[in-house]
Amino acid sequence: MHASAIHAPAANPVAIAPVSIPVRELLPWAIFGGMLLLLAIYFVGVEEGATAMFNTMLVHEFVHDGRHLLGFPCH
């Protein structure tokens, strides 16, 4: 291949500025994400035994390896 066949991309003289997101638009999503995180922590860490929402061990078995990975005792 000739050196003239390889072209370097042209430099873009116009810089792209990052868009700022107002806190009032971000806050509902942050709260929603936090609630989902708390729900996930509940199911992984607490859903077992006397405090269980569900009578079966289905949720416990589904998140069993995640419990050990995060350091929650379950045996």
Near L26 CG, under 6.0 Å, is it more than 12 heavy atoms from other residues, nucleotides or ligands?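 Yes, enclosed.
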Partner set under side-chain contact (heavy atoms from CB on, under 4.5 Å) for P18, not counting sequence neighbours: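 By the side-chain contact (heavy atoms from CB on, under 4.5 Å) rule, P18 matches no residue at all.
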Closest heavy-atom pair and its distance - S20, P22: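 Closest pair (atom of S20, atom of P22, distance): O-CD, 3.7 Å.
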